[in-house]
Amino acid sequence: MVEKLPHIIVGIDEAGRGPILGPLVLVALAFKEEDQKKLQWLGVKDSKLLSVEVREELFERIRELVHDFRIEVIEPDAIDLSLTQENTNLNWLEADTAARLASELAPDTIIVDCPSPNLRAYQDYFAGKLTAAAQKAKLVVEHKADVNHITVAAASIIAKVIRDRHIEHIKAEIGIDFGSGYLSDPKTQDFLQKYHDQQQYQHLFRKRWQPYKDLAEAKKQKKLGEF
(Lines give C-alpha, C1' and ligand atoms only; values in the text may rest on other atoms or scores of the structure.)
Protein backbone atom coordinates (compact mmCIF):
# COMPACT_ATOMS: atom_id res chain seq x y z
CA MET A 1 0.00 0.00 0.00
CA VAL A 2 1.40 3.39 -1.02
CA GLU A 3 1.49 5.88 1.84
CA LYS A 4 -0.48 9.03 1.05
CA LEU A 5 1.69 12.13 1.13
CA PRO A 6 0.46 15.03 3.30
CA HIS A 7 -1.16 18.02 1.60
CA ILE A 8 1.29 20.91 2.07
CA ILE A 9 -0.11 24.43 2.46
CA VAL A 10 2.32 27.33 2.18
CA GLY A 11 1.34 30.68 3.69
CA ILE A 12 3.33 33.80 2.75
CA ASP A 13 3.43 37.22 4.39
CA GLU A 14 5.81 40.08 5.12
CA ALA A 15 6.70 42.60 7.79
CA GLY A 16 8.31 45.99 7.26
CA ARG A 17 6.95 47.01 3.89
CA GLY A 18 6.26 50.63 4.79
CA PRO A 19 8.97 51.94 7.18
CA ILE A 20 11.75 54.27 6.12
CA LEU A 21 14.31 52.40 8.25
CA GLY A 22 15.32 48.77 8.31
CA PRO A 23 14.61 45.63 6.30
CA LEU A 24 11.57 44.05 4.72
CA VAL A 25 11.16 40.47 5.96
CA LEU A 26 9.37 37.89 3.81
CA VAL A 27 8.36 34.53 5.26
CA ALA A 28 6.96 31.40 3.62
CA LEU A 29 5.77 28.69 6.03
CA ALA A 30 4.76 25.18 4.95
CA PHE A 31 2.28 23.25 7.08
CA LYS A 32 0.64 19.89 6.71
CA GLU A 33 -3.05 20.48 6.10
CA GLU A 34 -4.07 18.64 9.27
CA ASP A 35 -1.88 20.95 11.39
CA GLN A 36 -4.01 24.01 10.64
CA LYS A 37 -6.26 23.02 13.55
CA LYS A 38 -3.27 23.07 15.86
CA LEU A 39 -2.51 26.65 14.75
CA GLN A 40 -6.07 27.59 15.70
CA TRP A 41 -5.69 25.95 19.11
CA LEU A 42 -2.52 27.96 19.68
CA GLY A 43 -4.45 31.19 19.08
CA VAL A 44 -2.60 32.16 15.90
CA LYS A 45 -4.00 35.27 14.20
CA ASP A 46 -2.78 38.26 12.21
CA SER A 47 0.33 39.60 13.97
CA LYS A 48 -1.12 43.14 14.09
CA LEU A 49 -3.82 41.86 16.46
CA LEU A 50 -1.32 40.45 18.97
CA SER A 51 0.93 41.96 21.63
CA VAL A 52 4.72 41.72 21.43
CA GLU A 53 4.71 39.17 24.26
CA VAL A 54 2.12 36.93 22.59
CA ARG A 55 3.94 37.12 19.23
CA GLU A 56 7.19 36.02 20.88
CA GLU A 57 5.46 33.10 22.59
CA LEU A 58 3.70 32.02 19.40
CA PHE A 59 6.95 32.31 17.45
CA GLU A 60 8.38 29.39 19.42
CA ARG A 61 5.17 27.32 19.19
CA ILE A 62 4.84 27.86 15.43
CA ARG A 63 8.48 26.94 14.93
CA GLU A 64 7.80 23.57 16.59
CA LEU A 65 4.78 22.93 14.36
CA VAL A 66 5.99 24.10 10.93
CA HIS A 67 6.78 21.43 8.32
CA ASP A 68 9.30 23.59 6.44
CA PHE A 69 10.03 27.27 5.93
CA ARG A 70 11.96 29.90 4.00
CA ILE A 71 12.86 33.41 5.18
CA GLU A 72 14.29 36.34 3.23
CA VAL A 73 15.51 39.59 4.79
CA ILE A 74 15.56 42.33 2.14
CA GLU A 75 17.79 45.24 3.08
CA PRO A 76 17.04 48.91 2.25
CA ASP A 77 19.52 49.08 -0.66
CA ALA A 78 17.73 46.21 -2.44
CA ILE A 79 14.40 47.93 -1.87
CA ASP A 80 15.79 51.17 -3.29
CA LEU A 81 17.12 49.29 -6.31
CA SER A 82 13.66 47.89 -7.04
CA LEU A 83 12.37 51.46 -7.23
CA THR A 84 15.07 52.72 -9.61
CA GLN A 85 15.24 49.92 -12.18
CA GLU A 86 12.88 49.70 -15.13
CA ASN A 87 10.21 46.99 -15.19
CA THR A 88 10.25 46.45 -11.45
CA ASN A 89 8.88 47.96 -8.24
CA LEU A 90 8.39 46.95 -4.63
CA ASN A 91 5.38 44.76 -5.48
CA TRP A 92 7.33 42.84 -8.10
CA LEU A 93 10.34 42.50 -5.80
CA GLU A 94 8.05 41.03 -3.18
CA ALA A 95 6.40 38.71 -5.70
CA ASP A 96 9.74 37.56 -7.15
CA THR A 97 11.07 36.74 -3.70
CA ALA A 98 7.89 35.12 -2.37
CA ALA A 99 7.47 32.94 -5.47
CA ARG A 100 11.05 31.72 -5.16
CA LEU A 101 10.57 30.87 -1.48
CA ALA A 102 7.27 29.08 -2.12
CA SER A 103 8.74 27.08 -5.00
CA GLU A 104 11.36 25.61 -2.67
CA LEU A 105 8.72 24.17 -0.31
CA ALA A 106 7.03 21.61 -2.62
CA PRO A 107 3.57 23.15 -2.09
CA ASP A 108 0.15 21.74 -2.91
CA THR A 109 -1.53 25.04 -2.02
CA ILE A 110 0.07 28.50 -1.89
CA ILE A 111 -1.71 31.37 -0.09
CA VAL A 112 -0.30 34.87 -0.51
CA ASP A 113 -1.19 38.17 1.14
CA CYS A 114 -1.37 40.52 -1.85
CA PRO A 115 0.29 43.98 -1.52
CA SER A 116 -1.07 45.27 -4.83
CA PRO A 117 -4.54 46.77 -5.43
CA ASN A 118 -4.64 44.79 -8.69
CA LEU A 119 -5.19 41.21 -7.54
CA ARG A 120 -5.36 39.68 -11.02
CA ALA A 121 -2.15 41.31 -12.26
CA TYR A 122 -0.28 40.34 -9.10
CA GLN A 123 -1.56 36.76 -9.21
CA ASP A 124 -0.59 36.37 -12.86
CA TYR A 125 2.88 37.80 -12.23
CA PHE A 126 3.38 35.66 -9.13
CA ALA A 127 2.26 32.48 -10.90
CA GLY A 128 4.69 33.18 -13.74
CA LYS A 129 7.59 33.34 -11.28
CA LEU A 130 6.90 29.93 -9.73
CA THR A 131 8.88 26.90 -10.85
CA ALA A 132 7.11 24.45 -13.15
CA ALA A 133 6.54 22.05 -10.25
CA ALA A 134 5.12 24.78 -7.99
CA GLN A 135 2.80 26.01 -10.76
CA LYS A 136 0.81 22.79 -10.25
CA ALA A 137 -0.18 23.98 -6.78
CA LYS A 138 -3.46 25.74 -6.09
CA LEU A 139 -2.71 29.46 -5.83
CA VAL A 140 -4.75 31.79 -3.61
CA VAL A 141 -3.88 35.49 -3.75
CA GLU A 142 -5.97 37.74 -1.50
CA HIS A 143 -6.06 41.04 0.29
CA LYS A 144 -6.14 40.46 4.06
CA ALA A 145 -5.01 36.85 3.63
CA ASP A 146 -3.34 37.22 7.05
CA VAL A 147 -6.82 37.65 8.53
CA ASN A 148 -8.60 35.02 6.42
CA HIS A 149 -6.03 32.18 6.38
CA ILE A 150 -4.31 30.86 9.47
CA THR A 151 -1.15 29.73 7.65
CA VAL A 152 -0.62 33.29 6.40
CA ALA A 153 -1.35 34.62 9.90
CA ALA A 154 1.40 32.33 11.19
CA ALA A 155 3.77 33.69 8.53
CA SER A 156 2.86 37.23 9.57
CA ILE A 157 3.85 36.47 13.18
CA ILE A 158 7.19 34.96 12.21
CA ALA A 159 7.95 37.88 9.85
CA LYS A 160 7.04 40.48 12.46
CA VAL A 161 9.11 38.88 15.24
CA ILE A 162 12.14 38.50 12.97
CA ARG A 163 11.92 42.11 11.78
CA ASP A 164 11.50 43.40 15.33
CA ARG A 165 14.58 41.43 16.39
CA HIS A 166 16.55 42.89 13.47
CA ILE A 167 15.51 46.40 14.49
CA GLU A 168 16.52 45.83 18.12
CA HIS A 169 19.87 44.43 16.97
CA ILE A 170 20.53 47.50 14.80
CA LYS A 171 19.67 49.85 17.66
CA ALA A 172 22.02 48.01 20.01
CA GLU A 173 24.75 48.04 17.35
CA ILE A 174 24.64 51.79 16.70
CA GLY A 175 23.74 52.79 20.26
CA ILE A 176 20.76 54.93 19.23
CA ASP A 177 17.08 54.18 19.85
CA PHE A 178 15.40 55.19 16.58
CA GLY A 179 12.09 53.57 17.46
CA SER A 180 10.21 51.28 15.08
CA GLY A 181 11.52 52.65 11.78
CA TYR A 182 8.04 53.88 10.81
CA LEU A 183 7.53 57.60 10.20
CA SER A 184 4.54 57.61 12.55
CA ASP A 185 7.10 57.07 15.34
CA PRO A 186 8.55 60.35 16.75
CA LYS A 187 11.86 58.60 17.53
CA THR A 188 12.17 57.53 13.90
CA GLN A 189 11.35 61.05 12.70
CA ASP A 190 14.00 62.49 15.00
CA PHE A 191 16.63 59.99 13.84
CA LEU A 192 15.82 60.71 10.20
CA GLN A 193 16.18 64.47 10.72
CA LYS A 194 19.48 64.20 12.61
CA TYR A 195 21.28 61.39 10.81
CA HIS A 196 19.91 60.95 7.28
CA ASP A 197 23.07 62.47 5.75
CA GLN A 198 25.65 60.77 7.99
CA GLN A 199 27.63 58.15 6.14
CA GLN A 200 27.70 55.53 8.90
CA TYR A 201 23.88 55.34 8.90
CA GLN A 202 23.22 55.52 5.16
CA HIS A 203 22.68 51.75 4.85
CA LEU A 204 19.75 51.90 7.29
CA PHE A 205 17.56 54.24 5.22
CA ARG A 206 15.31 53.62 2.25
CA LYS A 207 16.56 56.52 0.22
CA ARG A 208 13.85 56.27 -2.45
CA TRP A 209 11.16 56.99 0.15
CA GLN A 210 9.80 60.50 -0.44
CA PRO A 211 10.51 61.89 3.06
CA TYR A 212 14.18 60.94 2.69
CA LYS A 213 14.36 62.49 -0.80
CA ASP A 214 12.70 65.65 0.54
CA LEU A 215 15.35 66.02 3.25
CA ALA A 216 18.19 65.40 0.79
CA GLU A 217 16.74 67.97 -1.61
CA ALA A 218 16.29 70.54 1.18
CA LYS A 219 19.93 70.15 2.19
CA LYS A 220 21.05 70.55 -1.42
CA GLN A 221 19.03 73.76 -1.73
CA LYS A 222 20.54 75.07 1.50
CA LYS A 223 24.06 74.52 0.17
CA LEU A 224 23.20 76.26 -3.11
CA GLY A 225 21.81 79.16 -1.10
CA GLU A 226 25.18 79.68 0.53
CA PHE A 227 26.68 80.93 -2.73
Side-chain angles (χ1 to χ4, degrees), residues 10-31 39 44-63 65-83 88-105 107 110-116 122 126 129 141-147 149-174 178-185 188 203-209:
V10 172
I12 303 171
D13 204 4
E14 52 75 21
R17 181 180 168 84
I20 197 163
L21 275 167
L24 166 66
V25 177
L26 263 166
V27 171
L29 299 183
F31 294 95
L39 291 173
V44 168
K45 60 179 72 173
D46 175 19
S47 63
K48 294 185 288 295
L49 304 175
L50 302 170
S51 68
V52 173
E53 294 76 18
V54 172
R55 286 197 299 263
E56 285 285 351
E57 182 181 338
L58 284 172
F59 181 93
E60 299 303 328
R61 305 295 295 276
I62 292 167
R63 194 171 66 169
L65 192 59
V66 72
H67 174 70
D68 202 354
F69 66 92
R70 295 291 186 275
I71 296 165
E72 187 92 4
V73 178
I74 304 175
E75 298 294 349
D77 58 348
I79 295 169
D80 285 338
L81 191 61
S82 76
L83 297 173
T88 189
N89 55 42
L90 186 55
N91 287 345
W92 300 149
L93 172 65
E94 195 171 318
D96 290 343
T97 307
R100 173 169 50 80
L101 301 183
S103 294
E104 295 174 2
L105 294 172
I110 303 169
I111 309 175
V112 186
D113 191 46
C114 179
S116 169
Y122 192 84
F126 186 96
K129 294 295 180 176
V141 177
E142 290 184 6
H143 296 135
K144 298 188 182 299
D146 48 1
V147 175
H149 299 275
I150 200 156
T151 53
V152 181
S156 79
I157 292 169
I158 300 300
K160 176 64 174 165
V161 170
I162 289 173
R163 185 179 191 277
D164 285 351
R165 289 178 180 179
H166 269 266
I167 292 298
E168 291 308 312
H169 175 76
I170 293 168
K171 287 192 280 193
E173 194 173 55
I174 67 174
F178 56 74
S180 64
Y182 287 83
L183 280 168
S184 56
D185 188 330
T188 301
H203 65 290
L204 301 177
F205 292 105
R206 301 181 188 183
K207 302 180 192 67
R208 299 298 298 176
W209 259 228

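The main-chain N or O of Asp13 is never found under 3.5 Å from a side-chain atom of Ser156 such that the two would form a donor-acceptor pair. Using modelled atom types, no side-chain atom of Trp92 and backbone atom of Ser82 make a donor-acceptor pair closer than 3.5 Å. In this structure, Asp113 contributes its side chain and Lys144 its backbone to a donor-acceptor pair below 3.5 Å.
Phe31 has its side chain within reach of Val66: a pair of non-hydrogen atoms, C-beta onward, lies under 4.5 Å apart. Glu14 places none of its side-chain heavy atoms less than 4.5 Å from the side chain of Pro115. Between Arg206 and Pro19 there is a side-chain heavy-atom pair separated by less than 4.5 Å. Residues Arg165 and Glu56 meet the side-chain proximity criterion, which asks for heavy atoms closer than 4.5 Å. In this structure, Ser180 and Thr188 have side chains that are in contact, with non-hydrogen atoms separated by less than 4.5 Å. At a threshold of 4.5 Å between non-hydrogen side-chain atoms, the residues Phe69 and Ile62 do not count as touching. Using a 4.5 Å heavy-atom cutoff, the side chains of Leu50 and Ile157 are in contact. Between Glu94 and Tyr122, the closest side-chain pair of non-hydrogen atoms falls below 4.5 Å.
Between Ala102 and Ala28 the shortest heavy-atom distance is N-CB, 4.5 Å. Between Asn91 and Asn89 the shortest heavy-atom distance is N-OD1, 2.9 Å. The shortest non-hydrogen separation linking Tyr182 to Arg17 is OH-N, 4.4 Å. Contact detail for Glu75 and Pro23: the closest heavy-atom pair is OE1-CB, 3.9 Å. The two atoms that bring Ala98 and Leu26 nearest to each other are N-CD1, 4.2 Å, heavy atoms only. The minimum heavy-atom distance between Ala145 and Ile111, with the atom names listed, is CB-CG2, 4.4 Å.
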Residues Ile167, Phe178; criterion side chain to side chain contact (heavy atoms under 4.5 Å, CB included); working and verdict
CA-CA 9 Å; Ile167 292 298; Phe178 56 74; 3.9 Å; yes
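Checking each of Lys160, Lys45, Lys48 against Asp146 for a salt bridge (charged side-chain N to carboxylate O under 4.0 Å, His left out) leaves exactly one that passes, namely Lys48.
For the atom pair CD1 of Ile12 and SG of Cys114, the computed distance is 11.5 Å after rounding to the nearest 0.5 Å. Rounding to the nearest 0.5 angstrom, the gap separating the OG1 atom in Thr151 from the CG atom in Leu39 is 7.5 Å. A distance of 11.5 Å separates CG in Asp46 from CD1 in Ile150, rounded to the nearest 0.5 Å. With rounding to the nearest 0.5 angstrom, the CD1 atom of Ile158 is 11.5 Å from the CZ atom of Arg55. Once rounded to the nearest 0.5 Å, the distance linking CG of Leu105 with OG of Ser103 reads 8.5 Å. Taken to the nearest 0.5 Å, the NZ atom of Lys207 stands 10.5 Å off from the CD1 atom of Ile20.
Ion pairing of Arg100 with Asp96 is absent here, as no side-chain N (NZ or NE/NH1/NH2) approaches a carboxylate O to less than 4.0 Å.
The side-chain hydrogen bond (donor to acceptor under 3.5 Å, both in side chains) check on Asp80 picks up nothing, with sequence neighbours excluded.
Counting non-hydrogen atoms of neighbouring residues, nucleotides and ligands closer than 6.0 angstrom, the CD atom of Glu57 reaches no more than 12 such neighbours.
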